Amino acid sequence: MQANTPAQNSPGRPALQSVAQALQTLLDAAAPVEGVETVSTLNACGRILAAPVQAHINVPGMDNSQMDGYAVRAADCASGEARLPVSQRIPAGHVGAPLPPGTAARIFTGAMMPEGADAVVMQEACEADGEHVIVRHAPKPGEWVRYIGEDIRQGSAILEASTRLRPQELGLAASVGQAELSVRRRVRVAVFFTGDELTMPGEPLKPGAIYNSNRFLLRGLLEKLGCEISDYGIVPDNLEATRKTLREAAQQHDLIVTSGGVSVGEEDHVKPAVEAEGRINMWQIAMKPGKPLAFGEVNRQSADQGRAFFIGLPGNPVSSFVTFLMFVRPFLLRLQGLPREAALPQPVAMRADFSWPKADKRQEFLRVRRNAGGGLDLFPSQGSNVLTSTVWADGVIDNPPGRTIAAGDTVSFISFQDLL
């Protein structure tokens with residue numbers, strides 16, 4: 001992400017934290033959670049490896065055919081027009097007899113090479129002739145043969161600890177016979193939402209009320225990251241109710257995430273509640289959207305139980321979405337055990353096919369979509385309440401403070417696909 005310097009706040013208030021400073025504060029505080037469990041490899045997708053995986057076998061475990069065709073001795077087919085008797089048929093999963101000189105074996109993909117054969121001729125280069133085959137190709141030794149240990153050697157490390165297990169890692173582990181994997185326990189996250197105006201979908205919408213879209217948004221994001229989630233729902237907009245929920249949530253959770261109530265209004269109770277139950281380590285970021293973001297800790301009932309981390313997100317849905325991706329996601333990935341570098345978003349250089357003539361003093365995250373010409377189009381409205389922009393877009397531009405954009409400029413693009 002872009003390097004930047006703090007933005008100045010209003011007189012009498014400290015300078016806003018830059019995005020880079022805020023990320024450093026969060027990642028410096030995060031350490032992998034303790035606790036390891038063994039799970040079936042079938043059920044390990046998305047989990048984080050707690051220990052490296054070693055291969056106890058060779059893959060492939062024997063010399064085998066890459067093709068449907070005929071296993072031969074290359075020397076018997078040097079003429080390019082050899083007529084050989086077919087001595088046997090070897091399907092995958094079966095062991096053939098040694099191949100007599102001057103003969104061929106009908107063989108299928110994955111089948112074990114018979115002793116004596118040193119090449120496979122694909123069936124398209126052969127013609128069956130009763131109990132014989134005409135081989136119209138002069139193969140070289142080793143042609144279309146997969147040798148033992150060609151992919152994986154017995155004893156080699158195939159997966160490192162702290163690897164996030166995708167389907168391809170699970171397939172690799174299974175290929176060496178790994179039925180179970182040692183993984184870090186899931187990060188336990190509590191969420192709740194503040195605002196007397198919030199209403200759940202399915203309930204009547206009273207005057208002045210809005211539906212609680214952030215509950216669905218944040219829960220979905222946490223589920224994508226494989227967290228164990230406790231949802232405390234909508235908390236009444238008062239200090240005591242907020243403090244009570246924080247105390248309860250801190251007991252069994254690694255992280256508490258809230259939405260709303262961290263700004264400077266008289267009805268914003270989350271920040272003072274966290275200060276009463278623990279402390280705020282960071283507040284307000286020089287970014288747009290998403291300025292009112294808070295990071296801190298909530299104490300557990302006794303000192304020896306430690307504390308739960310706290311991240312308070314803005315109430316506007318786009319601000320909540322963007323700050324989650326830029327801050328909560330990297331923080332959670334570090335708690336899960338991923339290396340610092342792997343936790344950070346990875347921008348790529350792309351061409352802007354639009355103009356953004358008005359620079360902002362804060363670092364901006366502009367919702368954009370890739371177009372057929374290989375450039376980026378800008379969503380017309382960049383307001384922090386315009387949730388449709390997050391559905392239309394397939395990523396954001398990380399635009400440094402004070403920078404305008406002209407059509408054709410190179411910008412830093414962060415893909416949602418890489419973050420979700």
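Basis for what follows: all heavy atoms, side chains included, without hydrogens, waters or symmetry-related copies. Here the structure is a predicted model, which is why all the values come from computation and not from measurement.
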Looking only at side-chain N and O atoms, does Asp394 offer a donor or acceptor that is under 3.5 Å from a partner on Gln417? no

Knowing that exactly one of Lys271, Arg247, Arg300 qualifies, which makes a salt bridge (Lys or Arg N to Asp or Glu O under 4.0 Å) with Glu277? Arg247

Salt-bridge criterion met for Lys358 and Asp360 (N-O under 4.0 Å): no

Atom pairs and distances, side-chain donor-acceptor, residues 35-42, under 3.5 Å, sequence neighbours left out:
from	atom 1	to	atom 2	distance (Å)
Glu37	OE2	Arg47	NH1	3.3
Glu37	OE2	Arg47	NH2	2.4
Ser40	OG	Leu42	N	3.1
Thr41	OG1	Gln178	O	2.7
Thr41	OG1	Ala179	O	3.1
Thr41	OG1	Glu180	N	3.3

Indicate yes or no for a side-chain donor-acceptor contact from Gln346 to the backbone of Leu344 under 3.5 Å, with no hydrogens or angles considered. yes

Listed partners of Tyr232 passing ring-ring contact (aromatic ring centres under 6.0 Å, His included), at least two apart: none

Please determine whether a side-chain nitrogen of the Lys or Arg among Asp28 and Arg334 lies less than 4.0 Å from a carboxylate oxygen of the Asp or Glu. no

Any donor-acceptor pair under 3.5 Å from Arg106 side chain to Tyr70 backbone: no

Would a distance-only check, ignoring hydrogens and angles, find a side-chain to backbone donor-acceptor pair under 3.5 Å from Asp254 to Arg188? yes

So for atom CD, which belongs to Glu223, do other residues, nucleotides or ligands contribute more than 12 heavy atoms lying within a distance under 6.0 Å? yes

Would you call the rings of Phe295 and Phe309 parallel, tilted or perpendicular, taking 30° and 60° as the class edges? parallel

Atom CD of residue position Glu160 - does it have more than 12 heavy atoms of other residues, nucleotides or ligands inside 6.0 Å? no

Measuring from Leu16:CG to Ile285:CD1, what's the distance to the nearest 0.5 Å? 8.0 Å

Take a 6.0 Å sphere around CD of Glu81 and say whether it holds more than 12 heavy atoms from other residues, nucleotides or ligands. yes

Distance-only, no hydrogens or angles: does the Asn316 side chain make a donor-acceptor pair with backbone N or O of Val318 under 3.5 Å? no

